[in-house]
Q: 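The structure's right below; bear with me while I get my questions together.
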Amino acid sequence: MTKIACKRWTPTPFQSATQPSSVCLYFLLLQNNHVVSRTTNASLYNKVFVEQFEETPLLVAVLTYMGYGILTIFGYLRDFLRHWGMEKCHVAREREEQKDFVPLYQDFENFYTRNLYMRIRDNWNRPICSVPGAKMDLLERASKDYNWTFQHTGKLVKDVINMGSYNYLGFAENTGRCADAATESTHHYGIGVGSTRYEMGNLDIHEELEQLVARFLGVESSMAFGMGFATNSMNIPALAGKGCLILSDELNHASLVLGARLSGSIIRVFKHNNMVSLEKLLRDAIVHGQPRTRRPWKKILILVEGIYSMEGSIVRLPEVIALKKRYKAFLYLDEAHSIGALGPRGGGVVDYFALDPKDVDIMMGTFTKSFGAAGGYIGGKRELIDYLRSHSHSAIYATSMSPPVSQQIITSMKIIMGEDGTTLGVVRLRQLSENTTYFRRKLREMGFIIYGNDDSPVVPMMLYMPAKIGAFGREMLKRNIGTVVVGFPATPIIESRARFCVSAAHTRDILDTDIFCLSICHSIGYFLSVYLSLNRIFSVCLSVTQ
């Protein structure tokens, strides 16, 4: 069924919610067309689950395709000029004396990089020279060859508001309990371990960390890894192989995709957060079995994320668990962005929906975001973790996690759990939730198209047109605001966006005064004409009707 928050879509100036006027009915249908949240079984949820994904306006889509088309035409023209030596070529390419060898660089694959990406490369890889907290300092840089190379000017851009880091709970800091504990750990253990866990790299602090993570997640056992990306890419091949089926959400992270491919399993992709699509794949898998032989699958593994980092959406975990139980599949949940950032006690999407952790077979997450550290973990039954200790490449061959990093995680996690004897963790969780709700609401009221769930601290704001990607990032930095802008191929070609990451470290003054009134509302929004949401048209029509 379709759920729409009544307080948002039901207009008060008209007769009633049950008998709207023709104008009201038209706009309700319009909103139904563009902003929907579908659930196949509402009884599984303990709260109203609303996500909004407004469709790209037709005119904007046409203009976006035209923009990419013009850029492509000029790209081929410049390639022609480079070929005949009329324009200097900076891109990596084969030497003339190596033309008979198998090419190392694929010319066509680099077309987008050299002709489109390079034009706005100054929006990425900006060097930071401070703690990436609520505010940060950047090294100023300049380019004399249109972003092919950069030179540092020696100047600092100070107090840039950081709206791009995954510092959800504000633990990326160089003062306070976490920093003090990490410093003390460095004096005691040193920086590096210089060995794997199986040899001379298993420290007592690693054992303490894993026991704490298991208790925090509510599972029997857990295992920590030094790299979050490798936690997925190196452990999925240990859990699935030939004769197994992996069902993956179409928007899963690259680490999940790589792990699935390395496993050698058959991979089938279901539509993002679409339980009808997932159930169809599960039913077909049970009915038809493996290709050619028709034997039953050895294992069916469902891969999903807690919060999708480009969409700002939350996985429909109650429905996924219900399907997993019905079809006797296994569930792999990646909580990289949701652990610490969702739920009344920061326990992630499982805590957010008040579910039993035992219903999730493999609970994966990272320490790189809410905990202000590095690495990842996998939690679950003791038999699962014991199996991974002896079969996971990341466990056997990778160097152990650095001791001060382990201590940073332990200290921040104890603060979140309240085991430090203070209420600091509760305060930060509440502050993050309030900032997220406030930030999203204000952007929507202004008329921006915002994707995702209202409780997600990842806030994608749609820009669409290629020229606006670079312009938005530059204009924001001019006003001392650091943001992440994303375009094709990281997103669909007509869904370029700016992605804000809200933090508990952001005060209301930072969110309200610096961002909304001065920067976005009065300057960039009107200057770039990115007020595209039909919600704004709806509000204007309501005011005219009144």
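Keep in mind the model is a prediction, meaning the values are calculated, not measured. These values consider heavy atoms only, across backbone and side chains, with no hydrogens, waters or symmetry-generated copies.
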Q: Can you see whether Y438 has R508 sitting over its ring - NZ or CZ less than 6.0 Å from the centre and within 45° of the normal?
A: yes
Q: Any sub-3.5 Å donor-acceptor pair from N273's side-chain atoms to R316's backbone N or O?
A: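 Answer holds: yes.
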Q: Any Lys/Arg nitrogen of K271 or D249 sitting under 4.0 Å from an Asp/Glu carboxylate oxygen of the other?
A: no
Q: Report yes if some heavy atom in the side chain of H506 is under 4.5 Å from a heavy atom in the side chain of M163; otherwise report no.
A: yes
Q: What is the distance from atom CE of M200 to atom CG of N202, rounded to the nearest 0.5 Å?
A: 10.5 Å
Q: Answer yes or no: is there a side-chain heavy-atom contact under 4.5 Å between S263 and I246?
A: yes
Q: With no hydrogens and no angle check, just 3.5 Å: does a side-chain donor-acceptor pair link T507 and D509?
A: no
Q: Can Y168 and H337 be counted as having a side-chain donor-acceptor contact under 3.5 angstrom?
A: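 There is such a pair between these side chains.
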Q: Just by distance, with hydrogens left out, do N235 and T231 show a side-chain donor and acceptor under 3.5 Å apart?
A: no
Q: Flag this pair as yes if the NZ/CZ of R345 is under 6.0 angstrom from the six-membered ring centre of F216 and inside a 45 degree cone about the axis; otherwise no.
A: yes
Q: For F371 and F367, take the angle between the two ring planes, folded into 0 to 90°, and tell me which bin it lands in: parallel under 30, tilted 30 to 60, perpendicular over 60.
A: perpendicular
Q: Is the closest side-chain donor-acceptor distance between N162 and S165 under 3.5 Å?
A: yes
Q: Between the side chains of D361 and K381, is the shortest nitrogen-to-carboxylate-oxygen separation below 4.0 Å, so that they form an ion pair?
A: no
Q: Which pair of heavy atoms, one from R197 and one from A224, lies closest together, and at what distance?
A: NH1-O, 3.8 Å
Q: Taking the side chain as C-beta and beyond, is there a heavy-atom pair between R499 and S309 under 4.5 Å?
A: yes
Q: Any chance you could lay out the salt bridge (charged side-chain N to carboxylate O under 4.0 Å, His left out) test for E210 and R215, step after step, and finish with the verdict?
A: CA-CA 9 Å; E210 291 175 345; R215 194 164 73 251; over 6 Å; no
Q: Under a 4.0 Å N-O cut-off, is there an ion pair linking D284 with K280?
A: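 Yes, this pair counts.
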Q: Under 6.0 Å between the ring centres of F225 and Y377?
A: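 Centroid distance F225-Y377: not below 6.0 Å, so no.
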Q: Does a donor on one side chain and an acceptor on the other come within less than 3.5 Å for S400 and H206?
A: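 No, H206 and S400 have no side-chain donor paired with an acceptor closer than 3.5 Å.
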Q: Are V219 and K358 packed together at the side-chain level, in the sense that at least one heavy-atom pair is separated by less than 4.5 angstrom?
A: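 In short, these two side chains do not touch, never coming nearer than 4.5 Å.
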Q: State, without any angle test, whether Y332 and N252 hold a side-chain donor-acceptor pair at a distance under 3.5 Å.
A: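 N252 and Y332 do not have a side-chain donor-acceptor pair below 3.5 Å.
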Q: Within a strict 4.5 Å, meaning less than it, do heavy atoms of the V459 and M461 side chains meet?
A: no
Q: Just checking, is any N or O donor in the side chain of T368 or T366 under 3.5 Å from an acceptor N or O on the other one?
A: yes
